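Just so you know, ligand 1 is whichever comes first in the structure, and atom 1 is the first atom listed for that ligand. All values derive from a computational prediction rather than experimental measurement.
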Amino acid sequence: EEQKRELKERILQLKKERNAIILAHYYQRDEIQEVADFRGDSFLLAQKATTTDADVIVFCGVHFMGESAKILAPNKTVLIPDERAGCPMADMVNVDGLRALKKQHPNAKVVAYINTSADVKSETDICCTSANAIKVIESVDSDEIIWVPDKNLGDYVSKFTKKKMIIWEGYCNTHDMLTVKDVEEMKAQYPNAKFVVHPECRPEVVKLGDFVGSTTAIIKYCKESEHQEFIVGTEDGTGYQLRLDSPNKTFRFATKYLVCPNMKVNNLKKVVRCLETMQPQIYVPPHIADQARASLERMLLVK
Ligand code: 13P
Ligand code: SF4
């Protein structure tokens, strides 16, 4: 605890020296969310990168998030505490695979989840996150959509649109691990609890949800709900904001395995180190960044 306090003080000092802002995803460790200037889901964090007047962004999340921030704010320095924090789902689609699929469906427009590499975004018409996926799909002027990479979110959104969805076979290792049996056991044990679930979970699990939504939507629902008890079907870092908003409500995660190991790679020591050394920095080759930027900016304009 004493060491944590010292690290936090050092971070405050370095932040001032560097004119830096710390952005943290809701899935980060509590200690990181505590020092963050801004917490959010992947949509809110991308948006924040475009509006902050800091010179340096310390992006506490996974690699594609820092990369998206750099693409949207190319003149800022984007630091990430650990380069090894990747997203296995983002790695499930590459640019060659996407090009091949585009060839098979020449009239389709590509909607890519923000959980993709800059390369894939450069071949994408418009990005989305779980918070705006349905609105983004409806905004596209094509009846045929190539959707990468999350098959579970793809299945979920396909129920809200008449468009033909060509869905890639990727998934989030963390959310996809949750099973119907896990949820049914929790529901039996806590019959008064509402089950809130992220659409990155399997369709049969999502079906059991009393509420289905992105990380931010889940947080908002639980805060505003009259219910007192929740079974949570998303990553366990979300507990930080849930408990902050509603200290008297009870939140139980549906299993102890709802932990994204990549999100937990970051810690306070690494935040200090990256602010001291100004490394590692995100770099995106300008020709890729320019093409990828269009797909992110289109997403930010969808109302
Ligand atoms: P959101 O932040 O859009 O809820 O996405 C969840 C996720 O898995 C991020 O990696
Ligand atoms: Fe990727 Fe899933 Fe981790 Fe999000 S929670 S970073 S989608 S592996």
So, Asp182 and Thr179: side-chain donor and acceptor under 3.5 Å apart, yes or no? yes
Does ligand 2 have any atom sitting under 4.0 Å from a heavy atom of His25? no
State whether Lys8 and Glu34 are salt-bridged, where the test is any N-O pair (Lys NZ or Arg NE/NH1/NH2 against Asp/Glu carboxylate O) under 4.0 Å. yes
Walk me through it: do Asn266 and Gln28 pass the test side chain to side chain donor-acceptor pair (under 3.5 Å)? CA-CA 7 Å; Asn266 297 329; Gln28 291 289 289; 3.0 Å; yes
Donor-acceptor check, side chain of Trp168 to backbone of Met92, threshold 3.5 angstrom: yes or no? yes
Contact table ligand 1 N or O to protein N or O, d under 3.5 Å:
residue	atom	partner	partner atom	Å
ligand 1	2 (O)	His25	NE2	2.7
ligand 1	2 (O)	Ser42	N	2.9
ligand 1	2 (O)	Ser42	OG	3.1
ligand 1	3 (O)	Ser42	OG	2.8
ligand 1	3 (O)	Ser130	OG	2.9
ligand 1	4 (O)	Ser130	OG	3.2
ligand 1	4 (O)	His198	NE2	3.0
ligand 1	4 (O)	Thr215	N	3.2
ligand 1	4 (O)	Thr215	OG1	2.5
ligand 1	8 (O)	Glu200	OE1	3.1
ligand 1	8 (O)	Glu200	OE2	3.2

Would you say the side-chain atoms of Ser246 pair up with the backbone N or O of Lys249, donor to acceptor, closer than 3.5 Å? no
Mutual orientation of the aromatic rings belonging to His198 and Tyr27 [parallel < 30°, tilted 30-60°, perpendicular > 60°]: perpendicular
Counting heavy atoms under 4.0 Å, the part of Glu235 that contacts ligand 2 is neither
Taking atom 1 (Fe) of ligand 2 as the centre, how many protein N/O/S atoms fall inside a distance shorter than 2.8 Å? 1
Under 3.5 Å: donor-acceptor pair, side chain of Lys102, backbone of Glu123: yes
Pair Asp176-Asn152, side-chain donor/acceptor within less than 3.5 Å: yes
Phe211 vs Tyr221 aromatic rings, parallel, tilted or perpendicular, using cut-offs 30° and 60°? parallel
Under a 3.5 Å cutoff, is there a donor and acceptor pairing between the side chains of Thr215 and Asp41? no
